[in-house]
Amino acid sequence: MFAIVAESSDRLSWQPVPDVAPAAGEILIKVAAAGVNRADLLQAAGKYPPPPGASDIIGLEVSGTIEAVGDHVAHWSPGQQVCALLAGGGYAEYVAVPAGQVMPVPDGVELAHAAALPEVACTVWSNLVMTAGLRASQLLLVHGGASGIGTHAIQVARALNCRVAVTAGSRNKLDLCAELGAEITIDYRNEDFVDVVRSAGGADVILDIMGALYLDRNVDALADDGRMVIIGMQGGAKAELNIAKLLGKRGGIFATALRARPVEGPGGKSDIVARVVDDVWPMVADGLVRPVIGAEFPIAEAQAAHELLSSGDVSGKVLLRVDV
């Protein structure tokens with residue numbers, strides 16, 4: 001089969017690699033499209049190796065058609081259209097994935113576009129609902145509101161009847177966030193998100209991709225009993241925390257990662273995937289949540305896709321389409 005091989009961060013090539021086959025409990029998917037994530041850029045640069053036992057091919061999510069199933073796999077059969085959350089291996093013609101990480105394509109979504117959903121849906125639902133307990137009428141602050149995760153988080157929060165505030169760095173991105181349902185849009189280049197969010201009563205939940213850079217200001221922006229979930233470190237890994245300020249708000253801070261979670265068990269990837277299918281896919285079928293696609297490339301042009309995502313000049317998800 002063919003797959004993208006990362007010879008360096010700026011040299012991604014489509015070339016022959018050994019075929020993959022499904023082990024017991026796995027499903028082999030013929031890939032229609034793969035989603036591009038910042039973790040993929042880090043892996044290509046040698047800064048984010050795959051978990052032990054995972055494929056060293058880049059790619060954390062795909063959509064496609066089941067080619068074969070391994071032993072002890074129930075409820076799935078060849079020919080079904082699916083999407084899947086991966087620990088690696090997505091930039092390829094075929095990928096083998098644990099059956100518990102495979103999902104049906106939601107009603108109303110084109111097969112290729114379904115590749116834009118697994119990573120964002122599992123990240124958003126596991127962090128906002130399963131971890132932070134976001135519920136109706138609460139205020140959610142999303143940093144990077146026009147990103148793939150941000151555009152999905154806005155829609156899910158609105159479907160839960162929450163209020164949403166976002167930060168972004170351009171008018172076009174803020175307008176997209178407003179179109180998706182954000183009622184408070186903050187240009188972080190010219191406005192202080194702390195002042196804006198405090199004037200709205202403070203954030204009950206913050207979804208943060210910045211890490212160290214925003215840690216102290218995020219605590220300032222929290223409402224009493226607020227919860228912050230850190231899912232990225234674009235602003236660095238180390239910062240000083242004023243614990244007294246956090247105590248004064250009875251605040252909570254969580255830091256989570258999806259890729260290295262176990263497949264099975266409470267809070268494992270299969271558990272999260274099942275919750276997403278039960279709770280988020282109906283939102284998609286009802287038109288309350290849709291994949292936001294910012295750009296699509298043939299998979300042989302993965303390098304250009306990485307450069308676009310790295311530039312920040314795209315909103316929503318970037319996809320790689322595979323023609324087999």
Side-chain angles (χ1 to χ4, degrees), residues 22-29 31-32 34-35 37 39 51 53-54 59-66 68-90 95-109 111 113-136 148-149 152-153 155-157 159-160 162 205 207 229 231 254 256-291 317:
E26 290 186 336
I27 289 173
L28 182 68
I29 298 173
V31 178
N37 294 278
L60 301 179
E61 58 187 341
V62 297
S63 61
T65 304
I66 294 179
V69 298
D71 293 338
H72 313 305
V73 172
H75 312 301
W76 295 108
S77 58
Q80 289 179 291
Q81 292 190 338
V82 295
C83 55
L85 180 71
L86 314 174
V95 63
V97 57
Q101 293 171 213
V102 176
M103 297 169 270
V105 172
D107 290 344
V109 177
L111 177 60
H113 286 180
L117 287 171
E119 183 74 18
V120 295
C122 291
T123 296
V124 167
W125 196 258
S126 65
N127 284 289
L128 294 188
V129 177
M130 297 173 67
T131 298
L134 182 69
R135 57 186 183 274
I149 285 174
H152 187 82
Q155 296 177 84
V156 168
L160 294 172
C162 298
V205 175
L207 186 62
V229 188
I231 61 170
F254 303 89
T256 75
L258 183 60
R259 187 181 192 184
R261 288 178 187 249
V263 176
E264 303 297 341
K269 283 181 275 194
S270 295
D271 182 27
I272 293 169
V273 162
R275 292 281 298 273
V276 164
V277 171
D278 287 345
D279 298 322
V280 180
W281 269 204
M283 298 177 182
V284 179
D286 290 343
L288 300 174
V289 176
R290 63 178 174 86
K317 294 287 293 189

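Computed from heavy atoms alone, side chains included, the values below leave out hydrogens, waters and symmetry copies. Quantities reported herein were computed from a predicted structural model and do not represent experimental measurements.
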Check: V263 and S270 side chains under 4.5 Å, non-hydrogen atoms
yes
With heavy-atom distances below 4.5 Å as the criterion, would you say the side chains of P106 and L117 are in contact?
yes
Looking at Q101 and P98, would you say the former's side chain and the latter's main chain have a donor-acceptor pair under 3.5 Å?
no
Rounded to the nearest 0.5 Å, what separates atom CG in D278 from atom CH2 in W125?
10.0 Å
Using the side chain to side chain donor-acceptor pair (under 3.5 Å) definition, which of the options K317, E119, R259 pairs with N37?
K317
So do the side chains of L258 and L85 get within less than 4.5 Å of each other, counting heavy atoms only?
yes
Quick one: does any side-chain atom of T65 pair with a main-chain N or O of G79 as donor and acceptor, under 3.5 Å?
no
Only pairs under 3.5 Å count here: list side-chain donor-acceptor contacts from residues 279-291, not counting sequence neighbours, and write none if there are none.
unit_1, atom_1, unit_2, atom_2, d
D279, OD2, R275, NE, 3.4
W281, NE1, P104, O, 2.7

Shortest non-hydrogen contact from I29 toward A84
CD1-CB, 3.8 Å
So do the side chains of L128 and V156 get within less than 4.5 Å of each other, counting heavy atoms only?
no
Taking all non-hydrogen atoms of both residues, which atom of P118 and which atom of C83 are closest, and how far apart?
CG-CB, 3.8 Å
Scanning both residues in full, the closest heavy-atom pair of G59 with L86 reads O-CD1, 3.6 Å
Nearest heavy atoms of I272 and S126, plus distance in Å:
CD1-CB, 3.7 Å
Shortest non-hydrogen contact from A34 to G90?
CB-O, 3.6 Å
Gap between atom CD of E61 and atom CE of M103 - 0.5 Å precision:
8.5 Å
So which heavy atom on V95 is nearest to which on G88, and how close?
CG2-O, 4.0 Å
Check whether any side-chain heavy atom of D271 lies under 4.5 Å from a side-chain heavy atom of R261, and answer yes or no.
no
Heavy-atom side-chain contact between S77 and I66 under 4.5 Å:
no
Kindly compute the distance separating CD1 (I231) from CG (N127), expressed to the nearest 0.5 Å.
5.5 Å
